[in-house]
Amino acid sequence: VQLVESGGGLVQAGGSLRLSCAASGFTLNDYGIGWFRQAPGKERKAVSCISNKENSLWYTDSVKGRFTTSSDNAKNTVALQMNSLKPEDTAVYYCAAVVSCVIFSPHYTGSYSLYWGQGTQVTVSS
């Protein structure tokens with residue numbers, strides 16, 4: 001089982017980035033995919049979750065209306081489209097395979113996630 005993130009980088013405030021999480025060893029019908037981020041000196045926090053099995057989608061309040069997560073079953077990948085980026089979005093972003101999106105909340109750190117990607121750095125300059 002492997003998750004590989006890509007698409008991070010440096011962008012100015014107001015700009016956009018698209019992160020991708022490619023899954024292997026399982027399908028998106030088996031597990032959902034959660035996105036998390038960890039800013040320097042801060043705890044890892046949940047950003048979004050998508051589950052085909054549950055037909056569910058969740059976003060933390062601070063990214064609602066700006067971030068969109070979607071899945072491509074044919075490619076077995078999940079994308080996180082991030083628009084109107086703010087300096088406070090700066091963090092290392094991780095995707096993780098999850099059994100359910102039901103447990104997701106703004107304070108959830110991903111402790112019940114099954115598999116993790118290596119992370120990708122997103123830096124938003126002011």
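Under the 3.5 Å distance criterion, the side-chain polar atoms of R44 are matched with a main-chain donor or acceptor of T109. Judged by distance alone, with hydrogens and angles left aside, the side-chain atoms of D72 form no donor-acceptor pair with the main-chain N or O of T77 at under 3.5 Å. With S51 contributing its side chain and G32 its backbone, the two residues share no donor-acceptor pair below 3.5 Å. The backbone N or O of T90 sits nowhere less than 3.5 Å from a side-chain atom of T123 that would complete a donor-acceptor pair. Although no hydrogens or angles enter the test, the distance criterion places a donor-acceptor pair under 3.5 Å between the side chain of N76 and the main chain of L28. Judged by distance alone, with hydrogens and angles left aside, the side-chain atoms of T69 form a donor-acceptor pair with the main-chain N or O of A79 at under 3.5 Å.
Using the six-membered ring where Trp is involved, Y115 and Y31 have ring planes that are perpendicular, over 60° apart on the 30 and 60° scheme.
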Inset, instruction - Please report the C-alpha distance between Q81 and S70 in whole Å, then the side-chain angles of each, then the deciding distance to 0.1 Å, and finally whether the side chain to side chain donor-acceptor pair (under 3.5 Å) criterion is met. - result: CA-CA 8 Å; Q81 177 67 42; S70 59; over 6 Å; no
Inset, instruction - Would you check, one step at a time, whether the test side chain to side chain contact (heavy atoms under 4.5 Å, CB included) holds for K45 with H107? - result: CA-CA 6 Å; K45 294 290 177 65; H107 302 291; 4.2 Å; yes
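Residues I33 and L3 form a side-chain contact, since some pair of their non-hydrogen atoms from C-beta on lies under 4.5 Å apart. Between F36 and F104 the shortest side-chain heavy-atom distance falls below 4.5 Å. Looking at M82 and V122, their side chains come closer than 4.5 Å, going by heavy atoms from C-beta outward. Using a 4.5 Å heavy-atom threshold, the side chains of W35 and I50 count as separate. For the pair L85 and F67, the minimum side-chain heavy-atom distance is below 4.5 Å. With contacts defined as side-chain heavy-atom distances shorter than 4.5 Å, the pair Q121/L10 does not qualify. Under the 4.5 Å side-chain criterion, counting only non-hydrogen atoms from C-beta, S113 is in contact with Y108. The side-chain heavy atoms of N73 and T27, taken from C-beta on, include no pair separated by under 4.5 Å.
What you find for P87 and A13 is that their closest heavy atoms are CD-CB, 4.1 Å. What you find for K42 and Q38 is that their closest heavy atoms are O-NE2, 3.1 Å. The heavy-atom pair separating E54 from V102 by the smallest distance is OE2-CG2, 4.0 Å.
In this view, R37 and D89 satisfy the salt bridge (Lys or Arg N to Asp or Glu O under 4.0 Å) rule, not counting sequence neighbours.
At a threshold of 4.5 Å between side-chain heavy atoms, the hydrophobic network of Ile, Leu, Val, Met, Phe, Trp and Tyr places Y93 and V4 in two separate groups. No path of Ile, Leu, Val, Met, Phe, Trp and Tyr side chains, each step under 4.5 Å between heavy atoms, connects V92 with V47, placing them in separate hydrophobic clusters. When the side chains of ILVMFWY residues are joined at heavy-atom separations under 4.5 Å, either directly or via intervening members, V11 and L19 end up in a single hydrophobic cluster. A continuous path of Ile, Leu, Val, Met, Phe, Trp and Tyr side chains, each step under 4.5 Å between heavy atoms, connects Y59 with V124, placing both in one hydrophobic cluster.
Exactly one residue among S48, S20, S71 makes a side chain to side chain contact (heavy atoms under 4.5 Å, CB included) with V78. That residue is S71.
Note on residues 29-90: pairs passing disulfide bond (SG atoms under 2.5 Å apart), not counting sequence neighbours, are C49-C101. Applying the salt bridge (charged side-chain N to carboxylate O under 4.0 Å, His left out) test to every pair with at least one member in residues 3-31, sequence neighbours left out, gives no pairs at all.
With rounding to the nearest 0.5 Å, the separation of OG in S126 from NZ in K86 is 14.0 Å.
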